[in-house]
Trainee: 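Sharing a structure with you now.
In what follows, every chain begins at residue 1, and chains take the letters A, B, ... in the order their sequences are listed.
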Amino acid sequence: MNRNIPSISKLNNLFLDKELKPSELFEQVYENASFTESILHAHLELFYDEGIENSKKSDERFLKGESLGKLDGIPIAIKDNINVYGYKTTCSSKMLSNYVSPYDATVIGMLKETGSTFTGKTNLDEFAMGSSTENSAYGPTKNPWNPDYVPGGSSGGSAAVVSAGSAVASLGSDTGGSIRQPASFCGVVGFKPTYGTVSRFGLIAFASSLDQIGPITNTVDDARIIFDNIQGYDPKDATSIKPEYTEPKNKKLKIGIIKELMQEGVSEDSQNEVNKVTQLLENSGHEVVETSLPLTEMALSVYYLIAPAECSANLSRFDGVRFGLREPASGSYEMMNKTRAVGFGEEVKKRILLGTYALSAGYFDEYYGRALKVRSKIISDFQKAFDDFDFLISPTTPSPAFKFGEKTENPLEMYLSDLCTIPANLAGLPAISIPTGLSNNNMPLSIQLMGKPCSDYSLLDLAESIEDMVSFNHLPKMTKGDI
Amino acid sequence: MNLKPTIGMETHVELDTESKMFCSCKVVETDEPNISLCPTCLGLPGALPVPNKKAIEYIVMLSLGANCSITKEGMFHRKNYFYPDLPKNYQISQFDFPVGVEGSLEIVIEDSLHTVAIERVHMEEDTGKSIHLGSGRIDSATSTLLDFNRSGVPLVEVVTKPIISSAKMAVAYIEELRQLVIDLGISKGKLEKGNLRFDANISVAEEGSDELGVKVEIKNMNSLKSLEKAIDYEILRQTKMVQDKESIIQETRHWDENKQVTLSMRTKEGSADYRYFSDPDLPNMVINDEFIEISQNQIKETPEKKRKTLLDTGLSLSDSNYLDKGQRWLYELYLSTVKETGDCKSTFNFLTGELQGQMRKAEISELPQWLNSEKLASLINLFENNEVSFTSAKDILAKLLIEDIDPKSFASDNNLIQSSDNDEIKALVTSIINENQDIVERLENPEDKLVGYLVGQVMKSSKSKVNPGSVKEVLLKELFG
Ligand SMILES: [Zn+2]
């Protein structure tokens with residue numbers, strides 16, 4: 001792939017061959033950030049001092065021939081809902097504007113072991129609730145391909161920094177598409193691993209049964225390298241698993257096109273990308289067949305009951321008692337009420353209310369209870385589909401990036417932008433978005449691949465072969481230039 | 001109209017685990033606030049709960065000990081409510097799949113056995129502690145101090161069916177439950193430390209009626225005395241209200257120790273909706289047969305088993321229950337001593353009366369190492385066989401508590417052995433009769449008070465080394481034939 005920033009493997013070779021120093025790379029990436037940030041607003045905070053210090057340590061390791069591996073000296077951006085010890089974790093909320101984390105998330109601890117450096121924390125929709133970063137309390141992030149357009153969300157900042165070259169890679173979190181949708185809007189790779197393969201410890205929860213940390217990168221191989229270094233069982237996360245990764249039975253793969261994600265409501269542009277990739281896959285000997293998963297049409301409704309229900313409890317801890325914002329008041333309950341009224345933005349409040357309602361006595365069975373039942377049916381539908389197919393393919397988003405303000409007045413329109421990505425979260429499946437082409441107005445388009453649980457590595461292999469066949473080599477407007 | 005009360009008990013038991021329920025913080029017993037905390041038990045953003053396996057083993061043991069069936073696939077639920085000392089503003093608890101269901105406990109009231117049906121045994125985490133300055137209540141405090149040391153400590157809640165019929169029965173139930181958790185080794189069971197805290201649901205209804213009356217909950221008691229008084233008070237209060245045709249409102253009350261009455265707690269309008277749902281941070285709690293067997297094997301003792309063992313020695317039910325609920329060493333000492341004396345009643349009486357009494361007086365909480373069952377049995381046998389007087393036995397025991405002596409040799413070395421030698425007694429009796437001819441002449445029948453005087457004279461001349469019973473026997477034979 002021909003991008004302005006070399007792949008992680010390539011950078012690692014440059015380090016090993018002494019053609020580039022990690023500190024030089026860090027300076028370059030930081031310069032890119034300085035150049036683009038005033039327009040993009042993708043980073044909420046840059047960690048220059050610690051970053052340059054750490055990259056100089058990498059320099060020494062490479063000099064002594066003691067490098068820690070492929071991520072040694074690689075600058076990575078972190079979504080600001082993942083805790084890094086000693087730094088603020090704001091979740092782009094007023095509620096946590098002064099909150100400094102006293103501990104590292106498990107993935108952060110693991111990345112620190114690899115010798116990678118952190119560029120800083122990236123912008124998101126408040127508490128990861130949104131699809132455009134327009135819900136950030138600190139202002140939206142712009143799309144590097146065209147600043148009139150949204151970068152997607154909720155990991156909009158993490159997608160934009162990779163696209164703009166102000167980080168080599170980033171970590172995002174994906175609850176209903178929050179890694180894949182912004183990756184698609186910004187023309188980069190976004191990978192949501194199998195639920196439970198990457199620890200959630202230290203990720204500030206939105207909806208615990210759906211949240212998953214994953215990488216946003218320039219290439220599929222970069223995503224594989226990051227995933228490789230953050231996956232694995234974590235005793236601090238009871239939902240984490242000891243994964244046994246699977247391989248497909250045959251070299252010749254059978255891939256299903258999800259019919260329900262290739263009809264009205266999904267733009268022709270997006271459908272065309274899938275058709276284009278289908279052709280390429282068939283040309284290289286794979287079998288691609290249309291298949292029906294009727295319940296995917298209910299996924300959006302199920303998601304908008306389960307995610308708000310879980311978030312209504314997950315966000316209860318933000319009460320002004322122990323940390324974060326505290327609004328002055330005359331009594332404990334008044335303080336908690338005021339703090340939550342002032343600290344949370346509109347979208348967050350809306351979802352807390354929705355979730356509280358769905359869990360209330362008298363409504364539980366009708367809403368949350370029923371959503372759980374449909375969710376388990378969706379899971380078994382996918383299980384059946386994977387008896388027949390090795391992988392499933394669909395567009396990542398129903399349409400390319402939209403303009404600021406275009407969907408803020410109509411929440412349902414906004415929610416629909418996660419139509420194709422939500423099913424993988426409900427079923428806990430690994431799913432990846434890779435850029436494949438451009439729309440008429442020169443915004444990136446992507447396809448999504450889904451696999452059965454723990455097929456992560458073989459899913460990445462397939463994505464890489466598509467990446468090679470497509471050779472998407474367009475560059476966004478907002479980049480500083482080659483390294 | 002004959003009214004009968006119905007009571008159901010909900011008891012929280014603090015488990016005696018090393019670490020908390022969902023994190024690895026130590027469970028500490030200290031007044032120093034906020035010293036055992038981590039992101040999880042402080043509810044910091046991003047922190048996750050991981051269940052404590054030992055706590056689950058303990059709750060399975062308790063469920064088995066309370067004769068419950070075990071739910072093989074249970075789950076944790078979130079119970080949602082806002083309170084400053086509840087860090088996440090939800091409590092991880094259990095809802096429709098508790099660990100133990102449908103059990104029973106055998107309890108003893110005076111000299112009869114009863115059964116209390118257990119509805120459920122479930123797991124939850126404790127909250128922190130609030131200290132409301134200024135008023136003691138959250139709504140009128142000038143400020144509130146929070147201590148999160150207790151936050152996340154594993155709690156088990158044991159809920160009975162509404163079948164307890166008196167304050168005495170409720171007390172006996174708590175005593176049995178407390179002994180169960182102590183014998184299982186899963187809780188310290190100290191009431192004064194709040195290791196057990198109980199709520200009582202009380203209602204009254206006409207005798208014979210199928211329906212229960214309106215229930216009133218008395219919350220958060222941790223002493224048996226308060227429990228008994230609160231229930232008795234509440235039954236009287238409700239009975240009077242029904243007789244006066246006043247309607248009882250469903251509410252939560254608390255026992256006011258100073259005023260000796262139950263008082264209504266300020267209740268929020270409408271009933272609380274906790275919006276229970278299964279906790280997505282915790283996978284289902286699978287308790288398989290192997291785990292149940294491991295937990296079963298941890299059960300060495302239960303109060304019910306101990307009581308059976310005691311009854312088998314011949315003790316009465318109430319005496320058995322007394323030892324069952326007492327300290328462990330006393331129970332064990334009784335069993336080993338009675339094996340040697342073969343006399344349950346005298347062994348029981350001597351240990352619970354004389355031994356415990358002297359220890360209390362001397363402020364000794366532990367038996368000296370040398371004071372074993374062999375020595376106690378030998379001492380009990382000495383006075384039971386009339387070889388020493390009870391007074392001497394007491395003296396020997398007092399000595400034994402401070403010095404390693406052999407009771408029998410001590411008795412003979414110190415001339416404490418009573419003579420039962422009839423010839424010796426006969427000689428003494430003859431000489432006393434001879435010396436007291438004036439009195440002998442005044443005797444009318446064997447019940448005469450003066451017989452006692454003559455026995456006393458014989459004892460005096462023997463320096464109390466003869467058995468008074470034998471003396472009386474010989475004396476009467478000499479006088480009345
Ligand atoms: Zn803790």
Trainee: Side chain, backbone, both or neither: which part of B/N80 has a heavy atom under 4.5 Å from chain A?
Mentor: side chain

Trainee: Below 4.5 Å, heavy atoms only, C-beta onward: do B/R275 and A/T356 meet side chain to side chain?
Mentor: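 Answer yes - side chains close enough.
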
Trainee: Is it true that atom NZ of A/K373 has more than 12 heavy atoms of other residues, nucleotides or ligands lying nearer than 6.0 Å?
Mentor: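 Count not over threshold, so no.
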
Trainee: Could you please state which residues from residues 363-370 of chain A sit under 4.5 angstrom from chain B, measuring non-hydrogen atom to non-hydrogen atom, sorted by number, or 'none'?
Mentor: A/F364, A/Y368

Trainee: Considering all heavy atoms of both residues, which atom of A/A361 and which atom of B/D273 are nearest to each other, and what is their separation?
Mentor: N-OD2, 2.8 Å

Trainee: Over all heavy atoms of both residues, which pair between A/T239 and B/L282 is shortest? Give the atoms and the distance, please.
Mentor: CG2-N, 4.3 Å

Trainee: Are the side chains of A/F323 and B/P45 in touch, meaning some heavy atoms are under 4.5 Å apart?
Mentor: yes

Trainee: Quick check on B/S143 against chain A: is it the side chain, the backbone, both or neither that has a heavy atom closer than 4.5 Å?
Mentor: neither

Trainee: Rounded to the nearest 0.5 Å, what separation is found between the CG atom of A/D319 and the CG atom of B/N89?
Mentor: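 The distance works out to 4.5 Å.
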
Trainee: Taking all heavy atoms of B/R78 and all of A/E310, pick out the closest pair and write down the distance.
Mentor: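 Smallest heavy-atom distance, with atoms named: NH1-O, 3.9 Å.
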
Trainee: More than 12 heavy atoms of other residues, nucleotides or ligands under 6.0 Å from NZ of B/K215: yes or no?
Mentor: no

Trainee: Could you tell me whether B/E18 atom CD has more than 12 heavy atoms of other residues or ligands within 6.0 Å of it?
Mentor: no

Trainee: Around atom NZ of A/K236, are there more than 12 heavy atoms of other residues, nucleotides or ligands at under 6.0 Å?
Mentor: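 Open.
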
Trainee: Answer yes or no: are there more than 12 heavy-atom neighbours, outside A/K88 itself, under 6.0 Å from its atom NZ?
Mentor: no

Trainee: Say you draw a straight line from OH of B/Y90 to CG of A/N314; how long is it, rounded to the nearest 0.5 Å?
Mentor: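 Reported value, rounded in 0.5 Å steps: 5.5 Å.
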
Trainee: Do the non-hydrogen side-chain atoms of A/M336 and B/Y83 ever get within less than 4.5 Å of each other?
Mentor: no

Trainee: Please state whether the side chain, the backbone, both or neither of B/P49 comes within less than 4.5 Å of a heavy atom of chain A.
Mentor: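 Just the backbone, heavy atoms under 4.5 Å.
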
Trainee: Using a heavy-atom distance cut-off of less than 4.5 Å, which residues of residues 195-211 of chain A contact chain B?
Mentor: A/Y195, A/R200, A/F201, A/G202, A/L203, A/I204, A/S208, A/S209

Trainee: In terms of heavy-atom proximity below 4.5 Å to chain B, should A/D237 be classed as side chain, backbone, both, or neither?
Mentor: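 For A/D237, backbone and side chain are both near chain B.
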
Trainee: How about B/L37 and A/R322: do any of their side-chain heavy atoms sit closer than 4.5 Å?
Mentor: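 Of all side-chain heavy-atom pairs linking A/R322 with B/L37, none is under 4.5 Å.
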
Trainee: Looking only at heavy atoms, which two atoms of B/G46 and A/Y103 are closest? And how far apart?
Mentor: C-OH, 3.0 Å

Trainee: In terms of heavy-atom proximity below 4.5 Å to chain B, should A/A313 be classed as side chain, backbone, both, or neither?
Mentor: both

Trainee: Closest heavy-atom contact between B/L44 and A/P102?
Mentor: CD1-CG, 3.5 Å

Trainee: Name the option with the most non-hydrogen atom pairs under 4.5 Å to chain A; the candidates are B/S24, B/C23, B/C38, B/P87.
Mentor: B/P87

Trainee: Is A/S360 close to chain B through its backbone or its side chain, or both, or neither, when contacts mean heavy atoms under 4.5 Å?
Mentor: both

Trainee: Should the heavy atoms of other residues, nucleotides or ligands under 6.0 Å from NZ of A/K112 be counted, would the total exceed 12?
Mentor: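 Correct, the count exceeds 12.
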
Trainee: Need one label for B/L146: side chain, backbone, both or neither, based on atoms under 4.5 Å from any heavy atom in chain A.
Mentor: side chain

Trainee: How many angstroms lie between atom CZ of B/F82 and atom CG of A/N337, to the nearest 0.5 angstrom?
Mentor: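 Nearest 0.5 Å value for the CZ-CG distance: 8.5 Å.
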
